[in-house]
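Written out below as C-alpha cells is the structure these notes cover.
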Amino acid sequence: VQLQASGGGLVQPGGSLRLSCGASGIVLDYYAIGWFRQAPGKEREGVSCINASDGGTYYIDSVKGRFTFSRDNTKNTVYLQMNNLKPEDTAIYYCATDHLSACGSSWNHEKKYDYWGQGTQVTVSS
C-alpha cells in the first residue's frame, strides 16, 4: 500500500491550494482517509477525515469553513481543497488511512492510522 500526497506549494495569505492523495495497492473509496499536518517545531495534528460509507467529513475547528475534503473514486484519489489560507496553515500535509470505513471519534489521532503518504509542503507567506 502506498499513498502519494501532492499539490502543496507556496501561496499568499488568502490564496487557495488543492491537495491530492492518490494510492496504489488500495482502493481508497473503501476506507476512511485522514489528512494531518505538521508545522515546524510542532506535533502532527489531524486536520480532516472523510468516511468511506457516507462521505461524511470531519474538520478541526481552525479549518472549518475554509477546507473541504472530497473523493473522486474514479481516480482513486481524495482531495483537500484549502481556501482562504493563513500563515498558520503552513506545514507538511500528510494523508493516511487505517483500513477502516469510518473516521470515528478518534479520527484525529495519528496512532489510529496504519498507512501514510510522504507529505507535501504547504507554505503560506507574503
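Along the sequence shown, residues carry numbers from 1.
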Item to complete: Could you tell me which residues satisfy side-chain hydrogen bond (donor to acceptor under 3.5 Å, both in side chains) with Q2, sequence neighbours excluded, listed by chain and number?
Response: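 side-chain hydrogen bond (donor to acceptor under 3.5 Å, both in side chains) list for Q2, sorted by chain: empty.
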
Worksheet entry | R44 NZ/CZ over Y94 ring centroid, <6.0 Å and within 45° of normal |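 Satisfied, under 6.0 Å and within 45°.
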
Can you find a pair of side-chain heavy atoms, one from [X] and one from [Y], that are under 4.5 Å apart?
X: T77; Y: Y79; result: yes
X: E110; Y: W116; result: yes
X: R66; Y: D89; result: yes
X: V47; Y: Y59; result: no
X: E45; Y: N108; result: no
X: P13; Y: K86; result: no

Interatomic spacing from [atom1] in [X] to [atom2] in [Y] - rounded to 0.5 Å:
X: M82; Y: Y93; atom1: CE; atom2: OH; answer: 5.0 Å
X: K111; Y: S106; atom1: NZ; atom2: OG; answer: 12.0 Å
X: L28; Y: T97; atom1: CG; atom2: OG1; answer: 7.0 Å
X: D29; Y: S101; atom1: CG; atom2: OG; answer: 11.5 Å
X: Y30; Y: N73; atom1: OH; atom2: CG; answer: 9.5 Å

Discussion item. Determine whether T74 and D72 satisfy the following criterion, side chain to side chain donor-acceptor pair (under 3.5 Å), listing intermediate values before the conclusion.
Written reply: CA-CA 5 Å; T74 65; D72 185 341; 2.4 Å; yes

Check [X] against [Y] and note the closest heavy-atom contact, atom names and distance.
X: A32; Y: C49; answer: CB-SG, 4.3 Å
X: N76; Y: I26; answer: ND2-O, 3.0 Å
X: Q81; Y: S16; answer: NE2-CB, 3.9 Å
X: V124; Y: T90; answer: N-OG1, 2.9 Å
X: W107; Y: G46; answer: CZ3-C, 3.9 Å

Taking [Y]'s backbone N and O only, do any of them form a donor-acceptor pair with [X]'s side chain (distance below 3.5 Å, no angle check)?
X: N51; Y: S53; value: no
X: S62; Y: I60; value: no
X: R71; Y: V78; value: no
X: Q118; Y: A5; value: yes

Worksheet item: Between L19 and V122, is a side-chain contact (heavy atoms from CB on, under 4.5 Å) present by the stated rule, with each step listed?
Response: CA-CA 9 Å; L19 304 184; V122 172; 3.9 Å; yes

Discussion item. With side chain to side chain contact (heavy atoms under 4.5 Å, CB included) as the test, pick out the partner of Y113 among I33, L3, D98.
Written reply: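 Among I33, L3, D98, the one that satisfies the side chain to side chain contact (heavy atoms under 4.5 Å, CB included) with Y113 is D98.
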
Discussion item. For L17, run the side chain to side chain contact (heavy atoms under 4.5 Å, CB included) check against V11, N83, L80, L10 and tell me which one passes.
Written reply: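 Among the candidates, only V11 passes.
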
Worksheet item: For E43, does the CD atom sit with more than 12 other heavy atoms under 6.0 Å from it, leaving out its own atoms?
Response: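 Not buried by this count: 12 neighbours or fewer within 6.0 Å.
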
Worksheet item: Ring centroid separation for F67 and W35, is it under 6.0 angstrom?
Response: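 Not under 6.0 Å, so no.
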
Discussion item. Would a single hydrophobic cluster contain both Y58 and L100, if residues Ile, Leu, Val, Met, Phe, Trp and Tyr are joined by side-chain heavy-atom contacts under 4.5 Å?
Written reply: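 Different clusters.
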
Discussion item. Would H99 and Y115 count as a ring-ring contact (aromatic ring centres under 6.0 Å, His included) here? Give the steps.
Written reply: CA-CA 8 Å; H99 274 137; Y115 299 100; 4.9 Å; yes

Worksheet item: Do NZ/NE/NH1/NH2 and the carboxylate oxygens of K64 and D61 come within less than 4.0 Å?
Response: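 Yes, this pair counts.
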
Discussion item. Does K42 form a side-chain contact (heavy atoms from CB on, under 4.5 Å) with R37? I'd like the steps, not just the answer.
Written reply: CA-CA 9 Å; K42 295 187 177 181; R37 66 186 180 187; over 6 Å; no

